[in-house]
2 protein chains.
Amino acid sequence: MKTITIQPSAQFYFGENLLQSSLLSDLCKQMGGRPIIVTTPALKDLYPLPIKADLIELPDNAKNKTTQEYLENALFKLGAGKDTILIALGGGVITDLVGFVASIYLRGVSLILIPTTLLAIVDATIGGKTAIDTPLGKNLIGTFYPAHAIIADLDTLKTLPEKEWLNGLAEILKIGLVLDPSIWELAKKNPKSKELIEKAIEGKMAVVEKDPKEKGFRRILNFGHTIGHALEAVSHYALSHGEAVAIGSIAEAHLSMHLGYLKQEDFQEIQIPYSAFPLQLPKNYNKAAFLKALSHDKKKVGAQVRCVLIDAIGHALPFDGEYCRPISEKELEVTLDWMEKKYG
Amino acid sequence: MKTITIQPSAQFYFGENLLQSSLLSDLCKQMGGRPIIVTTPALKDLYPLPIKADLIELPDNAKNKTTQEYLENALFKLGAGKDTILIALGGGVITDLVGFVASIYLRGVSLILIPTTLLAIVDATIGGKTAIDTPLGKNLIGTFYPAHAIIADLDTLKTLPEKEWLNGLAEILKIGLVLDPSIWELAKKNPKSKELIEKAIEGKMAVVEKDPKEKGFRRILNFGHTIGHALEAVSHYALSHGEAVAIGSIAEAHLSMHLGYLKQEDFQEIQIPYSAFPLQLPKNYNKAAFLKALSHDKKKVGAQVRCVLIDAIGHALPFDGEYCRPISEKELEVTLDWMEKKYG
């Protein structure tokens, strides 16, 4: 087991056999409080946790307001007080939702996250972002609320479907592109190695520690997500997050090249490890809907959409501490044309 | 104008003629960002603010999920980004709701509060608590999210209805009971004096600064609210917050006496300034419903309800830093009987 401390106070436990160990119950004892596990019926059976705790089974695998209210009501019915320790067991959908409810129930209760997908291990659970989805879009409503502890047990990945691997891999590759070229090398060698996962976790943690509230540097983690999120929205989320971020990352690398920051040979090299992904624009893609979805990007300032850009594999451009740059529709045009031709 | 800094970074501006001055627009310029005023149609006309800003008029004076979603949608439609400065103009219902949405919209945008009731000036806007009401109860869902600035203009109180004065006075008297006997003396002399209001603000701020997240000392502000909240809930909120807290404060003073902490003569003295209040239990009060409502109190640990208690006017009992004490149903019985007889 490896323990990494992330600021302000979260502990990240990473290794094998963690869920069968006494780690979780030891943590809850240390913290003092009433543990309540929140998960899905399927995951409850798959990962029985050795701890005396109440259990809330979420009715569906969604992080919308209906599920949020279901969880709030269930907590209320259990008489959960301020001494509650919410334990989220699941993928990013579960950990994001439970984290959000932990941050607003009685103005905040304690939180432990147990991610069970690669995406949740390398991305969703690191850095204190919580969120739910609304009819207006994904992750527009949420909080910064660091978990007390995160327990990432690699054993949970043994049964992970291929599509879920790709969701995680898209984020790992992204961290490589903006931060660490060694991640890129490892990914080309073996995209499922423990070493690669650990590098990605450490990379994201380093970024989050430097800028927890995303005032500047942390924005580099949005690489691939400006175009990626808009593609997801246009597809009405038929496109998986991994597929969207994969196309988004390649397209934003193309944009970096088109704007003169990235060399053409780097752009060619970047496309290689994405061969594992089914790169295909959503069926209902059209440019007008895409541009409308793009206009709701969270990095936007005023009316202007902003993109993270790179000038090499492993390096995002700082742009005077903003770590993103306004992009006009005109500047985007060549990249969109390229993307439509290549993946349409 | 008087400026008081509360931690971590909020400025509290207190005085006359503030809303007509350039204070608000100067603040927004300093902060940098896009100001959006959120208020009711009536208050918008009553207090035209000298600033160029977008305006969102809330459809009703409620802090429920419907109004929350209305505000989220309105912000989304305006294309409000992370540089948004939400300006809440209104009473505690508005400032609590707008504060909550500010804390969860795009994971947090800037917030300025302009309270227009005595309750909001002396209580709701101080200390960073935000909240909405759900079908399960009041203020069960909320966050700690300090405003950047609070502008309390005493001119707004000139047109305040008597019932609203009492809502504020109940909280002022409470601060006197748990913290500062001089507030008590001022309230007996003139319950509407500027000096009294200022003392109450400073009192609450001192408490909040010492314990912003309510881990211990801040709990003293819940005096009168354990019984008060349960009465409000039983009445389905037909009882005003001020009336409920007034009865709750007297009843919890009675409990303090009954348990041997408070002298009988102090208890008699305490009842005097409450003569202004219409002290009457709600029509649909009954003990079983009351005890059920009580069991959902936020200070609860495990199954046990806890009360703040006083041993003198101006002093809450510390109870080893917990600032509240478990109360059994049996201990409560005499006080409930007394309360039912006196106010039933």
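Lettering follows sequence order; numbering is per chain, from 1. The shown structure was predicted, so the numbers you read here are calculated from the model rather than taken from an experiment. The figures that follow rest on heavy atoms only: side chains count, while hydrogens, waters and symmetry mates do not.
With rounding to the nearest 0.5 Å, the separation of CD in A/E214 from CZ in B/R107 is 7.5 Å. Atom CG in B/N139 sits 10.5 Å away from atom CG in A/L106 (nearest 0.5 Å). To the nearest 0.5 Å, the span separating OG1 on B/T134 from CD on A/E72 amounts to 6.5 Å.
Neither the backbone nor the side chain of B/Y145 comes within less than 4.5 Å of any heavy atom of chain A. Proximity to chain A (any heavy atom under 4.5 Å) is restricted, for B/T130, to the backbone atoms N, CA, C and O. Residue B/K65 touches chain A through its side chain alone, counting heavy-atom pairs closer than 4.5 Å. Of the two parts of B/T143, the backbone and the side chain both hold a non-hydrogen atom closer than 4.5 Å to a non-hydrogen atom of chain A.
For A/E57, the CD atom sits in a packed shell: over 12 heavy atoms of surrounding residues, nucleotides or ligands are nearer than 6.0 Å. The number of heavy-atom neighbours closer than 6.0 Å to NZ of B/K287, taken from other residues, nucleotides and ligands shown, is above 12.
Looking at A/K77 and B/L136, their side chains never come closer than 4.5 Å, going by heavy atoms from C-beta outward.
Here the closest non-hydrogen pair linking B/L140 and A/F76 is CD1-CE1, 3.3 Å.
Annotation: salt bridge (Lys or Arg N to Asp or Glu O under 4.0 Å) contacts involving residues 228-237 of chain A, sequence neighbours excluded, comprise A/K138-A/E232.
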